[in-house]
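Please read the structure below before turning to the comments.
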Amino acid sequence: MGAQEIGVIFGIITALLLFLGIPALFILALIKTITKKSKGWIALLIITSILGLGAIGIIAFGAHKGFKQIADNSEKSEVKSSDGTCLIEIPGNWSEIPDSNEDASIAKGNLFKEQYVMVISESKADLEEEVSLQTYGEIVLQMMEESLKEAQYEQWEVSDLTHPLSGMTCHLSGSMDGIKIKYLLTVTEDQGHFYQILQWSIPSKWEKALPVFQEILKSFRSLKNSPEKNPASKRPSA
């Protein structure tokens, strides 16, 4: 048994002794204070009262953290797009985004946590000419830049989609209606459609939101045929 395991066991034993011993000492001190009213027993009563309140506070804090963790790790919900072309998995406590983009086939989020995802699918049959994924991504990015104030973006990266899908991801930020927003924009394709997977939050909550967004991105599935692999799809240029 290593030192770390011994330390954990010692810590557990110490905690048990404290949580069991403090109430016993409090009761004893209370009885002695009432019967003898000596300063020593009064002092012990005060100390055990403080320790007892502290223990209650620790238990309450631990319970709060536990319930919060359960809520944060609630079962995921599979959501299929309204046009039947794709699906994603989102946290179970997310719901429909009100007044979302009418072109979105999926629009879900958590208003309290300021975490949102929107998926737009576009049929390649509706495009006048053959468009590469790189070109499609640049078109989408340009449209977003035009809709944001002081838009800034980073270079395209290979997205974190699950095989066999491949795509491009770009971090984008700006402001809209006086509110700063950070985005994770991903574009991908199958044989018949292009997809925009747009996820966003506010700067103060971005650090907690990003891992959630990455998991959602990994869960994305095309319900149509997977794209034929080609260098342009696999590795976007800077």
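Atom set for the values below is all heavy atoms of this structure, side chains included, hydrogens, waters and symmetry mates excluded. Heads up: numbering here begins at 1 and tracks the sequence.
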*Worked verdict on Ser201 versus Phe213 for side-chain contact (heavy atoms from CB on, under 4.5 Å)*: CA-CA 10 Å; Ser201 184; Phe213 294 161; 4.2 Å; yes

*Where do Leu198 and Leu184 land on the side-chain contact (heavy atoms from CB on, under 4.5 Å) test, with the steps shown first?*
CA-CA 6 Å; Leu198 184 63; Leu184 185 68; over 6 Å; no

*Are Arg221 and Glu89 close enough, and set up right, to give a salt bridge (Lys or Arg N to Asp or Glu O under 4.0 Å), and what steps lead you there?*
CA-CA 9 Å; Arg221 298 289 186 276; Glu89 290 183 355; over 6 Å; no

*Please test Leu141 against Trp156 for side-chain contact (heavy atoms from CB on, under 4.5 Å), starting from the C-alpha separation and ending with a verdict.*
CA-CA 10 Å; Leu141 181 58; Trp156 287 102; 4.0 Å; yes

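From Cys170, atom SG reaches atom CD of Glu154 across 7.0 Å, with rounding to the nearest 0.5 Å. Once rounded to the nearest 0.5 Å, the distance linking CD of Gln115 with CD1 of Ile216 reads 7.5 Å. Rounding to the nearest 0.5 Å gives a distance of 15.0 Å between CE of Met144 and CD1 of Ile139. Note: Leu161 CG to Met168 CE = 11.0 Å, rounded to the nearest 0.5 Å. For the atom pair OG of Ser77 and CG of Asn93, the computed distance is 10.0 Å after rounding to the nearest 0.5 Å.
The shortest distance between side-chain heavy atoms of Thr169 and Val158 does not fall below 4.5 Å. Side-chain contact between Ile106 and Ile88: present, with at least one pair of heavy atoms (C-beta onward) separated by less than 4.5 Å. Contact annotation: the side chain of Lys113 never approaches that of Val212 to less than 4.5 Å [non-hydrogen atoms, C-beta and beyond]. Looking only at side-chain heavy atoms (C-beta outward), Val79 and Leu87 stay at 4.5 Å or farther from each other. Looking at heavy atoms from C-beta onward, Cys86 lies in side-chain contact with Val119 at the 4.5 angstrom threshold. With a 4.5 Å cut-off on side-chain heavy atoms, Trp206 and Lys180 do not count as touching. Within the 4.5 Å cutoff, the side chain of Glu122 has no heavy atoms near those of the Asp126 side chain. Counting only heavy atoms from C-beta outward, the side chains of Phe220 and Ile197 approach each other to under 4.5 Å.
The shortest non-hydrogen separation linking Met118 to Ala104 is CG-CB, 3.3 Å. The shortest non-hydrogen separation linking Asp160 to Leu217 is N-CD2, 4.0 Å.
With sequence neighbours excluded, the residues forming a side chain to side chain contact (heavy atoms under 4.5 Å, CB included) with Ser173 are Gln152, Lys182, listed by chain and number.
Under 3.5 Å, the side chains of Gln142 and Glu138 contain no donor-acceptor pair of N or O atoms. A donor-acceptor pair shorter than 3.5 Å cannot be found between the side chains of Ser159 and Thr186. A donor-acceptor contact under 3.5 angstrom links the side chains of Tyr136 and Gln196, judged on distance only.
In terms of modelled atom types and a separation under 3.5 Å, the side chain of Thr135 and the main chain of Val131 share no donor-acceptor contact. Between the side chain of Ser175 and the main chain of Gly178, no donor-acceptor pair closer than 3.5 Å is present. Of the possible polar contacts, one joining the Thr162 side chain to the Lys218 backbone as a donor-acceptor pair under 3.5 Å is found. Here the side chain of Ser81 pairs a donor or acceptor atom with the backbone of Thr85 at under 3.5 angstrom.
In summary, of the residues considered (Asp83, Asp103, Asp190), a side chain to side chain donor-acceptor pair (under 3.5 Å) with Ser121 occurs for Asp83 alone.
Residues Met176 and Val140 share a hydrophobic cluster, clusters being chains of Ile/Leu/Val/Met/Phe/Trp/Tyr side chains in contact below 4.5 Å. Hydrophobic cluster membership is shared by Ile120 and Leu127, with clusters built from Ile, Leu, Val, Met, Phe, Trp and Tyr side chains linked at under 4.5 angstrom. Residue Ile97 is grouped with residue Leu111 when hydrophobic side chains (ILVMFWY) are merged at heavy-atom distances under 4.5 angstrom, including chains of intermediate members.
Counting heavy atoms of neighbouring residues, nucleotides and ligands inside a 6.0 Å radius, atom NZ of Lys205 exceeds 12 of them. Heavy atoms from other residues, nucleotides or ligands lying under 6.0 Å from CD of Glu96 number more than 12.
Residues in residues 89-117 take part in these ring-ring contact (aromatic ring centres under 6.0 Å, His included) pairs, two or more places apart or across chains: Tyr116-Trp200.
Taking the six-membered ring for Trp, Tyr153 and Tyr183 have ring centres at least 6.0 Å apart.
A salt bridge links Glu189 to Lys124: at least one charged side-chain nitrogen sits closer than 4.0 Å to a carboxylate oxygen.
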